[in-house]
Each structure stands twice: as structure tokens, then as C-alpha cells.
Amino acid sequence: MLRQRKRTLFRIFEIVVYVGILLLTLRLSLAIIGDESKPLPNADDLRQLMIDAEADNTRRSLNIERVCKKYNLGFYRKLAEDSLFKHPPAPQYAVFYMNRPYNISYCPIYKAATTTWLYNLCLLMHVSEEMLNNGKEQLSTIARRVIPELGYPEADRVLNMSRKLLVVRHPFERLLSAYRDKLENSVAGREHGTLHFYKKYGAKIVQKYRKKDFTKPRQDQVIRREGVPPPAGVEPTFREFVDYMIDTDLASYGDDHWMPYYLFCTPCLVKYDIIAKVESMWRDQVYAINKLGLQDKIKPRWRHSNGYTNVSKVYFSQLDRATVQKLYEKLKLDFELFNYTPDTYYEYATSTD
């Protein structure tokens with residue numbers, strides 16, 4: 001009888017564990033799929049979506065032009081006048097993925113839906129979904145192999161003739177995403193280069209910015225991912241990373257994952273045909289796909305979503321308002337170019353340090 005009860009309890013335990021694994025798998029799957037499961041609009045809804053998105057796209061383009069003129073940058077520079085910002089003299093051709101068969105040039109702002117669009121570009125180049133999903137190579141590696149980098153002057157010719165796509169995200173959200181993905185945990189995610197980022201940036205940030213009386217952030221100021229080993233404890237905190245961002249000449253020493261948009265994709269030097277935003281990702285994808293005539297080739301998808309809410313509130317609570325203001329000043333041009341505001345993040349800042 002006792003043996004039978006043990007077998008029954010063990011069987012119940014197995015079922016509970018199995019259900020837990022299924023729920024976790026479902027949660028992770030939903031986090032990856034996101035809006036990919038959202039049905040495509042019908043003909044009438046699509047027409048209205050295209051009208052609304054086209055109007056937004058025009059406003060975004062005009063705002064970029066206005067801000068570039070305001071700060072005397074790029075196409076709009078008057079040599080007799082100075083600018084507040086150091087700006088490249090030419091586009092960074094090497095960062096673009098120039099898909100010549102479909103006449104598309106895409107500038108990848110990392111941590112702003114690059115996984116989604118590199119996936120789409122690879123599909124257009126006949127890379128199988130099996131290869132894209134097997135995890136053996138990063139998408140950027142596969143994409144660069146099938147869409148090789150072009151040198152000048154060929155790159156300039158192709159870029160000017162192609163339809164140009166840019167996807168942006170709130171600068172603070174993108175920065176936080178880069179920190180969490182690349183610097184917060186050197187133990188997990190080594191297949192995505194976290195150890196490399198620790199050695200190249202993290203260790204130096206800690207050495208320079210960690211105070212002798214250092215105390216770890218409170219538990220309510222970090223989010224630990226389920227099923228992921230905890231960090232080693234030697235990684236920079238978000239506050240230390242922000243201090244590094246504020247003090248660093250990002251044009252010379254910044255990484256692609258947190259390089260300002262205006263330096264990396266040079267919107268004052270490249271007139272983008274489509275300017276999408278992560279905040280309206282599904283709609284803007286439908287718009288871009290139809291605008292580019294790709295509706296029979298690819299579909300809207302959302303390849304990354306961490307499934308958490310209020311992430312920025314949790315991490316920005318490590319900062320005081322003065323630090324948020326300095327960080328905003330560092331990224332001010334990105335904010336203005338793409339019409340974002342830092343106001344909510346001042347409210348998140350609660351630290352008195």
C-alpha cells in the first residue's frame with residue numbers, strides 16, 4: 001500500500017513537472033512569436049492601415065529633415081556654420097545590408113527589431129527557415145554571408161538607387177535592452193557573445209565606475225530570467241553602464257549595440273524611404289512589406305520579445321533624475337530626430353545617490 005502511494009505521488013510529481021515545462025515552453029514560444037500570430041488585415045483595413053502608416057512615415061521623414069537642418073548636419077550642412085554634434089561626413093556603407101535582387105537597403109539598428117528584419121531578408125535570399133531557426137549561427141552572420149558587404153563606390157551607387165529601410169526604438173529602451181542582453185550576465189548567453197562583451201567592456205566599466213562602498217542593486221531593481229544561471233557578480237550594474245555611456249565618446253569607442261542612431265545609420269545623410277518604429281512594429285511591418293511589394297514573399301513577424309512589462313521602470317529606478325538628464329543629453333539628437341521624449345523615465349528615477 002505504501003509502495004503504491006509512493007508510485008502515485010511520484011507520478012503526480014512527474015505530471016506537475018511536465019506541465020510546468022509545457023507552460024514554460026509555451027511562454028517562451030509566445031515571447032518569440034509575439035505579433036506573428038496576429039491575422040493580416042482584410043482589404044478595407046489594409047487600405048486604411050496603409051493610409052495611416054504613410055501619413056506617419058511622411059511626418060517622420062519631415063521631422064528628420066527639420067532636425068538635421070536645425071543642427072546643421074548632413075545634406076543640410078552650411079560650411080560657414082558650426083554644429084553642436086560631431087557627425088560622419090559620409091554614410092557607413094559597411095553596416096548596410098543591400099539586397100540587390102529586391103532593391104532594398106536596410107540599416108540594422110541593433111536591439112531595434114534587427115532579428116526580425118534580418119530574418120526577413122534571409123528569407124528573401126532563399127535561406128530556409130530550418131537554417132534560420134536551428135541556432136547554430138547568429139542571424140547577422142547568415143545575413144552577411146548571403147548579402148555580402150559592398151565597397152565604395154559600388155555601395156554608394158546601390159544605396160542611392162535602392163529603397164531604404166530604417167527601424168528605430170525609444171533610445172532608452174534600446175539602450176537598456178543592449179545592457180541586459182550583452183553586459184548584465186556574462187555567464188548566460190555566451191553563444192551571443194556575453195563573455196566577449198564582458199572582457200571588452202564590462203570589466204573596464206566595473207574597474208572605472210565601481211565605488212569602494214559598492215552595494216548590489218536591490219532585488220526590485222533587476223529582473224532575472226527564468227531558467228538562466230545568475231550572473232557571476234563581476235558584471236557592471238545598469239547604473240555603472242549608464243555612467244560609462246555618459247562619459248564615453250561614442251563616435252570613437254561605442255559598440256554597434258549602443259551607438260547612437262545618428263552616427264550609425266546617418267539619417268541626415270541617407271534619405272530613408274521607410275522609417276518604422278518598434279512601438280508600432282506590427283503595423284509598420286505590414287506597411288513596409290506592402291510598400292516594398294513583398295506581401296507574397298514574407299509576412300509580418302516579431303522575432304524577439306522578452307515578455308516582461310515595466311522593465312525600464314525597474315532598471316531606471318537605479319538612477320537619479322540628474323543622471324537620466326545627462327543620459328538624455330548624450331542621446332538628445334536621436335530623441336529629436338525620431339520624436340521621442342524622456343519624460344516618463346524621469347518619473348522612474350528614484351535613486352538619491
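Since we're looking at a predicted model, the values are computed, not measured.
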Please report the closest heavy-atom contact between Leu139 and Cys122, naming both atoms and the distance. O-SG, 4.4 Å
Please tell me if the side chains of Tyr315 and Gln221 come closer than 4.5 Å, counting only heavy atoms from C-beta onward. no
For residues 82-115, which residue pairs qualify under disulfide (SG to SG under 2.5 Å), counting only residues two or more places apart or in two chains? Cys107-Cys265
Leu319 CG to Arg321 CZ distance, which is reported to the nearest 0.5 Å: 12.0 Å
Would you say that Val158 contacts Arg100 through its side chain, given a criterion of any heavy-atom pair below 4.5 Å between the two side chains? yes
Identify, with sequence neighbours excluded, every residue that meets salt bridge (Lys or Arg N to Asp or Glu O under 4.0 Å) alongside Glu65. Lys69
Using the side-chain contact (heavy atoms from CB on, under 4.5 Å) rule, take Ile289 and Lys299 through it: C-alpha gap first, then chi angles, then the decisive distance, then the call. CA-CA 7 Å; Ile289 288 170; Lys299 62 181 180 179; 5.5 Å; no
If you link I, L, V, M, F, W and Y whenever their side-chain heavy atoms are under 4.5 Å apart, who else ends up in the same group as Val234? Tyr198
On a heavy-atom basis, the closest approach of Pro300 and Gln285 is CA-OE1, 3.7 Å
Sorted by chain and residue number, the side chain to side chain contact (heavy atoms under 4.5 Å, CB included) partners of Glu336 (sequence neighbours excluded) come out as Val67, Lys70, Tyr71, Lys332
Is the distance between the ring centroids of Phe172 and His170 under 6.0 Å? yes
Spacing of Tyr261 atom OH and Phe335 atom CZ [to the nearest 0.5 Å]: 8.5 Å
Under a 3.5 Å distance rule, please check whether Thr194 uses its side chain to pair with a backbone N or O of Gly189 as donor and acceptor. yes
Rounded to the nearest 0.5 Å, what separates atom NZ in Lys164 from atom CZ in Phe96? 8.5 Å
Output the distance between atom CD (Glu54) and atom CG (Asp52), rounded to the nearest 0.5 Å. 11.0 Å
According to the ring pair (Phe, Tyr, Trp, His ring centres under 6.0 Å) rule, which pairs have a member within residues 199-218, sequence neighbours left out? Tyr201-Trp258
For the pair Arg225 and Glu184, evaluate side-chain contact (heavy atoms from CB on, under 4.5 Å) and give the outcome as yes or no after the intermediate values. CA-CA 11 Å; Arg225 294 176 172 87; Glu184 184 178 47; 3.9 Å; yes
Answer with yes or no whether the side chains of Asn63 and Arg66 bring together a donor and an acceptor at under 3.5 Å. yes
Any donor-acceptor pair under 3.5 Å linking the side chain of Ser61 with the backbone of Asn57? yes
Where is the tightest heavy-atom contact between Pro217 and Val222, given as atom of each residue plus distance? CB-CG1, 4.2 Å
How is the hydrophobic cluster of Leu79 composed, in terms of its other members, when Ile, Leu, Val, Met, Phe, Trp and Tyr link through side-chain heavy atoms under 4.5 Å apart, directly or indirectly? none
Below 4.5 Å, heavy atoms only, C-beta onward: do Asn290 and Leu49 meet side chain to side chain? no
Just to verify, what does Arg59 make a side chain to side chain contact (heavy atoms under 4.5 Å, CB included) with, not counting sequence neighbours? Ala55, Asp56
Is there side-chain contact between Met125 and Pro101, with at least one heavy-atom pair below 4.5 Å? yes
Side chain to side chain contact (heavy atoms under 4.5 Å, CB included) with Val206: which residues, sequence neighbours excluded? Arg210, Pro236, Glu240
Compare all side-chain heavy atoms of Leu132 with those of Leu123 and state whether any distance is below 4.5 angstrom. yes
With no hydrogens and no angle check, just 3.5 Å: does a side-chain donor-acceptor pair link Tyr119 and Glu129? yes
For the student: nearest non-hydrogen atoms of Asp334 and Pro260, plus distance: OD2-CA, 3.2 Å
Please list all pairs meeting salt bridge (Lys or Arg N to Asp or Glu O under 4.0 Å) that have one or both residues in residues 245-267, counting only residues at least two apart or in different chains. Lys86-Asp249
For a salt bridge (Lys or Arg N to Asp or Glu O under 4.0 Å) check, start with the C-alpha distance between Glu329 and Lys326, then their side-chain angles and the critical distance, and finish with the verdict. CA-CA 5 Å; Glu329 292 295 334; Lys326 290 177 184 176; over 6 Å; no
Please name the pair of heavy atoms, one in Val270 and one in Phe75, separated by the smallest distance, quoted to 0.1 Å. N-CE1, 3.8 Å
Does Arg144 count as lying over the ring of Tyr97, i.e. NZ or CZ under 6.0 Å from the six-ring centre, within 45 degrees of the axis? yes
Check: Leu337 and Cys68 side chains under 4.5 Å, non-hydrogen atoms: yes
Which residues satisfy the side chain to side chain contact (heavy atoms under 4.5 Å, CB included) test with Asp213, sequence neighbours excluded? Lys211
Kindly state each residue pair satisfying side chain to side chain donor-acceptor pair (under 3.5 Å) with at least one member in residues 264-279, sequence neighbours excluded. Glu279-Tyr340
Arg180 versus Ile223, closest heavy-atom pair with distance: NH2-O, 3.1 Å
Distance in Å, His87 NE2 paired with Leu263 CG, rounded so as to fall on 0.5 Å steps: 7.0 Å
Test item: Thr248 side-chain N/O and Leu250 main-chain N/O as donor-acceptor pair under 3.5 Å: no
So CZ of Arg174 and NE2 of His257: to nearest 0.5 Å the spacing works out to 8.5 Å
Who are the ring-ring contact (aromatic ring centres under 6.0 Å, His included) partners of Tyr179, not counting sequence neighbours? Phe238, Phe241
